[in-house]
Amino acid sequence: MKSPRPGSTENISVSMPSELLSALRTRTGKRGVSAYVTAAVRHQLAMDGLAEIVAAYEDEHEPLSEAEVQAAELELFGDTAAPYVSGDSAA
């Protein structure tokens, strides 16, 4: 099997609750679903990587203080509230 070229795409099948798909199509239109899902997956992979970095740091040192977490949120998200405040990575 050939390796995919950089930037190439593949079609996949994804299952999700009907109401979630309906909300997604309402927001994006039928043609925008792939781009929206791609952006969401990229974001989640970045957040997973960040969580791994934090976990490795805390394993080697000590847990981050609330002040350190707030400073990081300010740096990442500016003055707006952090978009994800729960620890639920399945969102």
Side-chain angles (χ1 to χ4, degrees):
M1 179 185 255
K2 282 181 14 182
S3 298
R5 293 186 326 257
S8 66
T9 62
E10 288 185 48
N11 289 329
I12 63 168
S13 175
V14 176
S15 299
M16 68 175 65
S18 297
E19 65 276 2
L20 186 59
L21 181 57
S22 178
L24 175 61
R25 285 185 172 151
T26 296
R27 180 164 301 272
T28 66
K30 286 186 178 182
R31 295 196 176 267
V33 170
S34 290
Y36 195 94
V37 171
T38 296
V41 170
R42 279 193 178 118
H43 175 80
Q44 186 61 50
L45 289 170
M47 294 297 98
D48 292 349
L50 183 58
E52 290 167 3
I53 290 168
V54 169
Y57 175 88
E58 289 182 336
D59 282 347
E60 194 171 315
H61 302 284
E62 60 185 37
L64 295 172
S65 70
E66 186 60 33
E68 290 169 318
V69 171
Q70 288 176 356
E73 286 176 348
L74 183 61
E75 177 140 348
L76 287 170
F77 305 114
D79 288 335
T80 61
Y84 305 101
V85 291
S86 77
D88 184 10
S89 62

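Note that the structure is predicted; figures quoted are calculated from it, not measured. Side chains included, hydrogens not; waters and symmetry mates left out as well; all remaining heavy atoms used.
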(request) Under the side chain to side chain contact (heavy atoms under 4.5 Å, CB included) rule, what do L50 and L76 come out as? Steps first, then yes or no, please. (result) CA-CA 11 Å; L50 183 58; L76 287 170; 4.0 Å; yes
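- In this structure, H43 NE2 and D48 CG are separated by 9.5 Å, a value rounded to the nearest 0.5 Å.
- Contacts classified as ring pair (Phe, Tyr, Trp, His ring centres under 6.0 Å) and involving residues 15-34 (residues at least two apart or in different chains) are not found.
- Here V41 pairs with V37, L45 under the side-chain contact (heavy atoms from CB on, under 4.5 Å) rule; sequence neighbours left out.
- Take Y57 and apply the ring-ring contact (aromatic ring centres under 6.0 Å, His included) test, not counting sequence neighbours, and it matches H61.
- Of all the heavy atoms in V33 and R25, the pair that sits closest is CG2-CG, 4.0 Å.
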(request) Go through the steps for T38 and R42 under the test side chain to side chain contact (heavy atoms under 4.5 Å, CB included), then give the verdict. (result) CA-CA 6 Å; T38 296; R42 279 193 178 118; 3.5 Å; yes
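- For E68, the side-chain hydrogen bond (donor to acceptor under 3.5 Å, both in side chains) partners at least two apart in sequence or on another chain are S65.
- Applying the side-chain contact (heavy atoms from CB on, under 4.5 Å) criterion to S34, with sequence neighbours excluded, gives no partner residue.
- With sequence neighbours excluded, the residues satisfying side-chain contact (heavy atoms from CB on, under 4.5 Å) with L20 are M16, P17.
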